[in-house]
Amino acid sequence: MEFLDLDPIAHVRGTVQIPGSKSISNRILLLAALAEGETLIRGLLGSDDTQRMLEALDALGIACRQQGDTRDFTVQGGNGVFPVKQGEFFLGNAGTAVRSLTAALAMAGGEYTLKGVARMHERPIGDLVDALRVAGAKIDYLGNEGFPPLAIHPGQIGAGRRIPVKGNVSSQFLTALLMSLPLSGEDVTIELVGELISKPYIEITLNLMAKFGVTVENRNWQEFFIRGGQRYVSPGEVFVEGDASSASYFLAAGAIAAQGGALRVEGVGAESIQGDKRFAETLEQMGARVSWGPNWIEVAPPASGRLKAVDVDLNHIPDAAMTIAVAALFADGTTTIRNIESWRVKETDRLAAMATELRKVGATVEEGQDYIVVTPPTALTPNAEIATYDDHRMAMCFSLVALGGVPIRILDPNCTAKTFPTYFAELARIAG
Ligand SMILES: O=C(O)C1=C[C@@H](OP(=O)(O)O)[C@@H](O)[C@H](O)C1
Ligand SMILES: C=C(OP(=O)(O)O)C(=O)O
């Protein structure tokens, strides 16, 4: 097993340019593919998740062309049509690709198979498939009921329907329906059944759909009404913001160990459409000093020098919430993070993984079905070997332990390629 040994990091300083947002990149790729006209996408994230989406669109007959060696791409939209009517697509562990393509292909009138890595075949999709079946889609499970791989057949997506969907397992199911149902051309009402988690991701979806000319009426988060007759039209050029979840590691590093001013991230700021920018608010609650510009955030440690423990509901920022669990090692007292049951169905069972690995560095941890309680040790255990469970965020979060004056070994560090292939190089650059 490959590993990376991190030496203790005394301080961090400088500015980090955050690579493009995964959530925005994969949404824009699909919307551009469905739109009429050519879209120039600026600053697309280069990572496993976006690569899987690009490959799938390419195989579906949508030309996606990289501009030289930049991260700018042109996409020739198919105006609601995928030219290729059959295929088998491997989508790795990219939730944003599997969920949104399931809905888009269910309406595409072809024979398609969607599959991913073994873990993807353990990540639920049943609530989305149920909703699509009500809409008239024909989808079969090729393995376990409720999970990929899926066989998608031509269906009859009906007009004027009410489509119920559950949103308590993943908001990506609602996102997938929202992005695809306008293709029916008819009035559609999506009706939320029960609670919706990870709400800010729906705001990203609605914002980007509007950029491509389709508006949705959000009726108090209970119903989403899409008026028929709308279609996606390329806005010409779109810009991908820096990834706010990726920014969380550097913002936390600034809160723990910035020296000579604050650590700055660029690419995400007050004007960002990503909910994960609100991670900085939680750091502020922990006592960190935070300042905001339109496109940047700066964080410095608390005036007292030590972060405060917090008791917080982080349902709105499930990805960045992991960074708080590790930042809790640097806080006075016990930190509780609540309402994060979705951690159990992501890249790994993140509640179990986080608890196991935090204990390796000496923390006392209570793991509940939907919460985690972290009490830091008086001294961090040096040379812990951190398993990362093929979860990019486990690798990135635990690198912060090096800011506690102890060496740490991160196993399989290349798993950061899912969303941030250059993470450890960036960390080395700001480490003083
Ligand atoms: O829509 C999106 O882009 C995402 C939604 C969230 O998932 P859930 O809605 O499953 O919590 C988040 O964890 C994921 O990384 C990206
Ligand atoms: C949950 C995540 O990814 P996915 O898009 O695969 O759901 C994540 O990036 O933390």
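Each ligand, and each atom within it, is numbered from 1 in the order the structure gives. Residue numbers count from 1 along this sequence.
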E38 and Q76: side chain donor to acceptor below 3.5 Å: yes
Minimum non-hydrogen distance to atom 11 (O) of ligand 1, winning option of Q172, K346, M322: K346
Aromatic ring proximity, centroids under 6.0 angstrom, F398 and Y249: no
Short N or O distance, D49 and ligand 2, threshold 3.5 Å exclusive: no
Heteroatom proximity flag, N93 to ligand 2, N/O under 3.5 Å: yes
Identity and distance of the protein heavy atom lying nearest atom 15 (O) of ligand 1: D319 OD2, 2.5 Å
Nearest non-hydrogen protein atom, atom 10 (O) of ligand 1: S170 OG, 2.6 Å
Counting only pairs under 3.5 Å, give me each side-chain donor-acceptor contact of residues 112-128, with atom names and distances, residues two or more places apart or in other chains.
{"unit_1": "Y112", "atom_1": "OH", "unit_2": "V84", "atom_2": "O", "d": "2.7"}
{"unit_1": "K115", "atom_1": "NZ", "unit_2": "E88", "atom_2": "OE2", "d": "2.6"}
{"unit_1": "R119", "atom_1": "NE", "unit_2": "K346", "atom_2": "O", "d": "2.8"}
{"unit_1": "R119", "atom_1": "NE", "unit_2": "E347", "atom_2": "O", "d": "3.3"}
{"unit_1": "R119", "atom_1": "NH1", "unit_2": "E122", "atom_2": "OE1", "d": "3.1"}
{"unit_1": "R119", "atom_1": "NH2", "unit_2": "R344", "atom_2": "O", "d": "3.2"}
{"unit_1": "R119", "atom_1": "NH2", "unit_2": "K346", "atom_2": "O", "d": "2.8"}
{"unit_1": "R119", "atom_1": "NH2", "unit_2": "T348", "atom_2": "O", "d": "3.4"}
{"unit_1": "H121", "atom_1": "NE2", "unit_2": "G116", "atom_2": "N", "d": "2.9"}
{"unit_1": "H121", "atom_1": "NE2", "unit_2": "G116", "atom_2": "O", "d": "3.2"}
{"unit_1": "R123", "atom_1": "NE", "unit_2": "V345", "atom_2": "O", "d": "3.1"}
{"unit_1": "R123", "atom_1": "NH1", "unit_2": "N93", "atom_2": "O", "d": "3.3"}
{"unit_1": "R123", "atom_1": "NH1", "unit_2": "N93", "atom_2": "OD1", "d": "3.1"}

Ligand 2 contacted by M394 (non-hydrogen, < 4.0 Å): no
Whether M322 lies under 4.0 Å from ligand 2, heavy atom: no
Nitrogen or oxygen of K418 less than 3.5 angstrom from that of ligand 2: yes
Atom CZ of R227 with >12 non-hydrogen neighbours under 6.0 angstrom: no
Residues D48, K418; criterion salt bridge (Lys or Arg N to Asp or Glu O under 4.0 Å); working and verdict: CA-CA 5 Å; D48 280 356; K418 184 174 193 284; over 6 Å; no
For a quick test of your reading: what N or O donor-acceptor pairs under 3.5 Å do the side chains of residues 355-362 make, sequence neighbours left out?
{"unit_1": "T356", "atom_1": "OG1", "unit_2": "A352", "atom_2": "O", "d": "2.8"}
{"unit_1": "E357", "atom_1": "OE1", "unit_2": "K360", "atom_2": "NZ", "d": "2.7"}
{"unit_1": "E357", "atom_1": "OE1", "unit_2": "A387", "atom_2": "N", "d": "3.0"}
{"unit_1": "E357", "atom_1": "OE2", "unit_2": "K360", "atom_2": "NZ", "d": "3.3"}
{"unit_1": "E357", "atom_1": "OE2", "unit_2": "Y389", "atom_2": "OH", "d": "2.5"}
{"unit_1": "R359", "atom_1": "NH2", "unit_2": "V365", "atom_2": "O", "d": "2.7"}
{"unit_1": "K360", "atom_1": "NZ", "unit_2": "E385", "atom_2": "O", "d": "3.0"}

Donor-acceptor side-chain pairing of H392 and T416 below 3.5 angstrom: no
R99-T175 side chain donor-acceptor pair, cut-off 3.5 Å: no
For atom 8 (C) of ligand 2, closest protein heavy-atom neighbour: E347 OE2, 3.1 Å
Working for salt bridge (Lys or Arg N to Asp or Glu O under 4.0 Å), residues E223 and R162: CA-CA 9 Å; E223 285 182 359; R162 286 181 75 81; 2.6 Å; yes
Ligand 2 versus A94: contacting region, heavy-atom distance under 4.0 Å: backbone
Between D313 and N339: side-chain donor-acceptor atoms closer than 3.5 Å: yes
Donor-acceptor pair between T364 and T375 side chains, under 3.5 angstrom: no
Sub-3.5 Å N/O-N/O distance, G95 and ligand 2: yes
Any N or O of S198 closer than 3.5 Å to N or O of ligand 1: yes
Which of the ligand 2 atoms, numbered from 1, are nearer than 4.0 Å to a heavy atom of T96: 5 (O)
Backbone or side-chain N or O of T419 under 3.5 Å from ligand 2 N or O: no
Nearest protein heavy atom with distance in Å, relative to atom 9 (O) of ligand 2: K22 NZ, 2.7 Å
Nearest-neighbour protein heavy atom for atom 9 (O) of ligand 1, which is reported as residue plus atom name and distance: S171 OG, 2.5 Å
Nitrogen or oxygen of R27 less than 3.5 angstrom from that of ligand 1: yes
